[in-house]
Peer 1: 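Provided herewith is a single structure, encoded as structure tokens, for subsequent inquiry.
Hydrogens, waters and symmetry mates are skipped; everything else that's a heavy atom, side chains included, is used.
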Amino acid sequence: MLDQPIVPIPIRTADRICEVAWFSDLCGEDTEFLSVRDPARATFAHCRDIALAAERLGFSNLLLPTSYMPGQEVVPFAAGVAPDLQRINLLTAIRCGEMHPPMLARTLASLDHMLNGRLTINIINSDLPGYQEDAELRYQRCAETIQILRQAWTADRIEHDGPVYGKLSLSTDPIRPHQQNGGPLLYFGGTSDGAREVCAQYCDVFLMWPEKEESLYANMQDVSQRAARYGRQVDFGLRVHVIVRETEAEARAWSRHIMSKFDPVRGAAMKNASQSSWSLGVRRQNELRTEADAEGFVEPLLWTDIGKARSGAGGALVGSAEQIIDKLNRYMDMGMRAFILSGYPLLDEADYVARLVLPYLPNATLSRLQGRLPEPREAPPGGQ
């Protein structure tokens with residue numbers, strides 16, 4: 001636990017709010033028992049049900065992840081569910097390099113119109129499927145992709161000259177998104193210096209995976225200082241699993257339940273199937289487990305065994321409603337303004353979080369607070 005006084009990190013959103021998001025596991029990892037894959041939960045229909053439930057339950061955003069695994073792919077899935085959603089934002093994960101940036105800008109602008117301005121983007125800087133790429137190439141490709149997206153969404157022309165995408169000179173007439181003042185917000189996470197520099201220079205929300213409080217606080221200070229060198233401020237978010245019940249004993253019992261059929265060989269195989277399984281961030285999540293006690297807790301409430309069978313965020317907050325609410329408020333005191341939560345199985349745990357936690361948090365939508373949505377146009381006289 002952080003033993004120094006919490007001094008809020010300089011951030012973009014000064015209001016003490018948090019954007020509370022849920023997660024639809026398009027990558028086929030939704031399950032009741034860790035290391036046991038359930039193909040019935042990898043279908044379009046099931047992932048759509050999660051999206052509909054998240055909106056009905058009052059979550060502000062929904063993360064749609066990408067990975068070269070069984071399941072659904074992000075952009076077609078988002079376009080497919082867009083007509084069914086009215087209020088919730090979709091945080092769509094986009095891996096840089098998979099699509100030529102001007103066409104990516106157009107694709108995302110079209111999706112933003114389908115969602116009436118409720119699109120947010122999670123920029124992914126990982127290797128392309130099937131490759132292990134040079135890190136500097138990935139950072140450069142990522143930076144150029146964001147530069148082109150920003151020009152496409154805010155300027156009259158794309159004028160670009162970089163080592164990855166070369167010279168581009170294009171009109172942006174076909175690419176304008178529904179959102180204004182910069183277009184969709186860009187969320188970005190990363191452990192390395194190169195990744196943090198990209199976020200500090202270009203992105204809007206720096207996403208972190210579970211860590212001890214002192215490590216999270218140090219990461220926030222570091223990225224905030226990097227952003228300040230570019231004359232910018234960013235917001236901070238945490239991607240973490242949650243097991244919440246009326247009592248801590250009930251929550252811990254469910255953590256044991258979902259591990260009750262765990263097979264280490266099968267779990268490792270599922271984890272290593274992910275495109276990000278060898279990333280620096282995942283290695284850090286693995287290291288965190290070595291610091292945990294016999295039950296997998298690395299600090300009060302923070303349980304790390306969930307990372308034994310999945311890549312990405314490898315920790316869960318496990319506790320009573322009061323404990324989880326207090327913990328999230330501590331994170332807000334540090335300066336966090338976005339939480340991306342999940343629990344297994346996703347539909348069942350969304351109900352618990354919505355009932356026991358969500359009503360007691362200042363839930364908001366960052367893109368709306370930051371003026372990205374155009375003002376509604378007044379109807380002309382006579383209703384014409």
Peer 1: Decide ring pair (Phe, Tyr, Trp, His ring centres under 6.0 Å) for Tyr344 and His241; before the verdict, give the C-alpha distance in whole Å, the side-chain angles of both, and the deciding distance to 0.1 Å.
Peer 2: CA-CA 8 Å; Tyr344 294 121; His241 308 282; 5.6 Å; yes

Peer 1: Given Glu136 and Gln140, is the side-chain hydrogen bond (donor to acceptor under 3.5 Å, both in side chains) satisfied, shown in steps?
Peer 2: CA-CA 6 Å; Glu136 293 305 315; Gln140 181 63 36; over 6 Å; no

Peer 1: Do Ile123 and Cys96 make a side-chain contact, defined as non-hydrogen atoms from C-beta onward lying under 4.5 Å apart?
Peer 2: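 Ile123 reaches Cys96 side chain to side chain.
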
Peer 1: Look at atom CD of Glu322 and say whether more than 12 heavy atoms of other residues, nucleotides or ligands are closer to it than 6.0 Å.
Peer 2: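 It does not: Glu322 CD has 12 such atoms or fewer within range.
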
Peer 1: Take Glu144 and His160, measure what side-chain hydrogen bond (donor to acceptor under 3.5 Å, both in side chains) needs, and give me the verdict at the end.
Peer 2: CA-CA 8 Å; Glu144 290 188 35; His160 178 80; 2.9 Å; yes

Peer 1: Thinking salt bridges, do Asp305 and Lys308 make one under a 4.0 Å N-O criterion?
Peer 2: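 Yes, Asp305 and Lys308 are salt-bridged.
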
Peer 1: Taking a hydrophobic cluster as the set of Ile, Leu, Val, Met, Phe, Trp and Tyr residues connected by side-chain heavy atoms closer than 4.5 Å, whether directly or through intermediates, do Tyr360 and Leu356 fall within one such cluster?
Peer 2: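 Yes, because Tyr360 and Leu356 connect within a single hydrophobic cluster, where side-chain heavy atoms sit under 4.5 Å apart.
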
Peer 1: After noting the C-alpha distance and the side-chain angles of Glu295 and Arg252, does the key distance pass the salt bridge (charged side-chain N to carboxylate O under 4.0 Å, His left out) rule?
Peer 2: CA-CA 10 Å; Glu295 293 184 296; Arg252 288 200 174 209; 3.1 Å; yes

Peer 1: Taking only Lys NZ, Arg NE, NH1 and NH2, and the carboxylate oxygens of Asp or Glu, determine whether Arg372 and Asp204 approach each other closer than 4.0 Å.
Peer 2: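 So Arg372 pairs with Asp204 through a salt bridge.
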
Peer 1: Determine, using ring centers only, whether His257 and Phe33 are less than 6.0 Å apart.
Peer 2: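 Yes: the rings meet the under 6.0 Å criterion.
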
Peer 1: In terms of hydrophobic clusters joined by side-chain contacts under 4.5 Å, are Val205 and Tyr230 together?
Peer 2: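 No, because Val205 and Tyr230 fall into different hydrophobic clusters, even though each may have its own neighbours under 4.5 Å.
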
Peer 1: Lys212 vs Glu291, test: salt bridge (charged side-chain N to carboxylate O under 4.0 Å, His left out). Steps then yes/no.
Peer 2: CA-CA 10 Å; Lys212 295 179 181 179; Glu291 305 170 27; 3.0 Å; yes

Peer 1: I would like to know whether Leu186 and Thr120 meet side chain to side chain contact (heavy atoms under 4.5 Å, CB included); could you show each step before the answer?
Peer 2: CA-CA 6 Å; Leu186 301 182; Thr120 49; over 6 Å; no

Peer 1: Could you tell me whether the side chains of Asp30 and His46 share a donor-acceptor contact shorter than 3.5 Å?
Peer 2: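 Yes, because at least one side-chain N or O of Asp30 sits under 3.5 Å from a partner of the opposite role on His46.
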
Peer 1: Answer yes or no: is there a donor N or O on one side and an acceptor on the other, between the side chain of Asp112 and the main chain of Leu108, under 3.5 Å?
Peer 2: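 No; zero donor-acceptor contacts below 3.5 Å.
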
Peer 1: In sequence, state the C-alpha distance, the side-chain angles, and the governing distance for Leu185 and Leu91, and then conclude on side chain to side chain contact (heavy atoms under 4.5 Å, CB included).
Peer 2: CA-CA 9 Å; Leu185 293 178; Leu91 180 53; over 6 Å; no

Peer 1: Can you check whether Glu73 reaches Leu26 side chain to side chain, under 4.5 Å on heavy atoms?
Peer 2: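 No. Closest side-chain heavy atoms not under 4.5 Å.
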
Peer 1: If you draw the axis of the six-membered ring of Phe339, does the NZ or CZ of Arg239 fall within 45° of it and under 6.0 Å from the ring centre?
Peer 2: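 So Arg239 doesn't make the cation-pi contact.
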
Peer 1: Under a plain distance cut-off of 3.5 Å, with no hydrogens placed, do Gln86 and Glu55 share a side-chain donor-acceptor pair?
Peer 2: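 Note: Glu55 and Gln86 side chains miss the donor-acceptor criterion.
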
Peer 1: Using distance alone, with no hydrogens and no angle criterion, decide if Thr290 and Glu287 have a side-chain donor and acceptor under 3.5 Å apart.
Peer 2: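 Side-chain D/A pair, Thr290 to Glu287: absent.
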
Peer 1: Is there a path of hydrophobic side-chain contacts, each under 4.5 Å between heavy atoms of I, L, V, M, F, W or Y residues, that connects Ile124 with Leu119?
Peer 2: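 They do not share one cluster, since no chain of ILVMFWY contacts under 4.5 Å joins Ile124 to Leu119.
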
Peer 1: With a distance cut-off below 6.0 Å to the six-membered ring centre and an angular limit of 45° from the axis, does Arg176 pair with Trp153 as a cation-pi contact?
Peer 2: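 Pair Arg176/Trp153 does not count as cation-pi.
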
Peer 1: Taking the inter-plane angle between the rings of Trp22 and Phe59 on a 0 to 90° scale, is it parallel (under 30°), tilted (30 to 60°) or perpendicular (over 60°)?
Peer 2: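 If you compare the ring of Trp22 with that of Phe59, the planes turn out tilted.
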
Peer 1: For Asn181 and Gly371, indicate whether the former's side chain and the latter's backbone hold a donor-acceptor pair under 3.5 Å.
Peer 2: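 Yes, Asn181 side chain to Gly371 backbone: donor-acceptor pair under 3.5 Å.
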
Peer 1: Under a 3.5 Å distance rule, please check whether Thr154 uses its side chain to pair with a backbone N or O of Arg150 as donor and acceptor.
Peer 2: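 Yes, the answer is positive, given that a donor and an acceptor are paired below the 3.5 Å cut-off.
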
Peer 1: Does CZ in Arg368 sit with more than 12 non-hydrogen atoms of other residues, nucleotides or ligands closer than 6.0 Å?
Peer 2: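 Open: at most 12 neighbouring heavy atoms sit under 6.0 Å from CZ of Arg368.
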
Peer 1: Are Asp127 and Arg95 within salt-bridge range, i.e. N to O under 4.0 Å?
Peer 2: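 No, this pair does not count.
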
Peer 1: Show, in sequence, the C-alpha distance, side-chain angles and deciding distance for Asn89 and Thr365, and conclude whether the side-chain hydrogen bond (donor to acceptor under 3.5 Å, both in side chains) test is met.
Peer 2: CA-CA 8 Å; Asn89 281 18; Thr365 302; 5.3 Å; no

Peer 1: Test ring pair (Phe, Tyr, Trp, His ring centres under 6.0 Å) on Phe188 and Phe206 and set out the steps.
Peer 2: CA-CA 5 Å; Phe188 188 93; Phe206 181 71; 7.5 Å; no

Peer 1: Is any side-chain heavy atom of Arg157 closer than 4.5 Å to a side-chain heavy atom of Ser169?
Peer 2: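 In short, these two side chains touch, coming nearer than 4.5 Å.
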
Peer 1: Flag yes if Leu149 and Leu207 sit in one hydrophobic cluster, no otherwise; membership is Ile, Leu, Val, Met, Phe, Trp, Tyr, and two members link when side-chain heavy atoms are under 4.5 Å apart.
Peer 2: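 Yes.
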
Peer 1: Using a distance-only test with no angle check, is there a side-chain donor-acceptor pair under 3.5 angstrom linking Arg16 and Asn329?
Peer 2: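 Side-chain D/A pair, Arg16 to Asn329: present.
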
Peer 1: Using atom types as modelled and distance alone, determine if a side-chain donor or acceptor of Asp222 lies under 3.5 Å from a backbone N or O of Ala218.
Peer 2: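 Such a contact is absent between Asp222 side chain and Ala218 backbone.
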
Peer 1: Should Asp193 and Arg226 count as an ion pair when the cut-off is N to O under 4.0 Å?
Peer 2: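 Result for this pair is yes, salt bridge flagged.
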
Peer 1: Does Glu159 offer a backbone N or O that forms a donor-acceptor pair with the side chain of Gln151 under 3.5 Å?
Peer 2: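 A pair under 3.5 Å: yes.
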
Peer 1: Examine the side chains of Ser35 and Asp263 and answer whether a donor and an acceptor come within less than 3.5 Å of each other.
Peer 2: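 Asp263 and Ser35 do not have a side-chain donor-acceptor pair below 3.5 Å.
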
Peer 1: State, without any angle test, whether Asn61 and Arg118 hold a side-chain donor-acceptor pair at a distance under 3.5 Å.
Peer 2: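 Side-chain D/A pair, Asn61 to Arg118: absent.
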
Peer 1: Are Leu301 and Met336 linked, directly or through intermediate hydrophobic residues, by side-chain heavy-atom contacts shorter than 4.5 Å (ILVMFWY only)?
Peer 2: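 Cluster IDs for Met336 and Leu301 differ.
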
Peer 1: Can you list the steps and then say if Tyr202 with Gln147 is a side-chain hydrogen bond (donor to acceptor under 3.5 Å, both in side chains)?
Peer 2: CA-CA 8 Å; Tyr202 299 111; Gln147 291 166 5; 2.6 Å; yes

Peer 1: So, Glu29 and Arg41, do they make that salt bridge, N to O below 4.0 Å?
Peer 2: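 Salt bridge flag = no for Arg41 with Glu29.
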
Peer 1: Determine, for Arg141 against Glu133, whether the closest basic-nitrogen to carboxylate-oxygen distance falls under 4.0 angstrom.
Peer 2: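 Here Arg141 pairs with Glu133 in a salt bridge, since their nearest N and O are under 4.0 Å apart.
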
Peer 1: May I ask you to establish whether Arg245 and Tyr352 are in a cation-pi arrangement, using a distance under 6.0 Å from NZ or CZ to the six-membered ring centre and at most 45° from the ring axis?
Peer 2: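 Ring-cation test returns yes.
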
Peer 1: Side chains of Gln323 and Ser320: do they bring a donor and an acceptor to under 3.5 Å?
Peer 2: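 Side chains of Gln323 and Ser320: pair found under 3.5 Å.
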
Peer 1: Is a salt bridge present between Arg355 and Asp351, judged by a nitrogen-to-oxygen distance below 4.0 Å?
Peer 2: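 No salt bridge links Arg355 with Asp351.
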
Peer 1: Just wondering, more than 12 heavy atoms not from Arg106 lying within 6.0 Å of its CZ?
Peer 2: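 Not more than 12 within 6.0 Å, no.
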
Peer 1: Walk me through whether Leu90 and Val81 qualify under side chain to side chain contact (heavy atoms under 4.5 Å, CB included).
Peer 2: CA-CA 10 Å; Leu90 294 184; Val81 300; 4.0 Å; yes

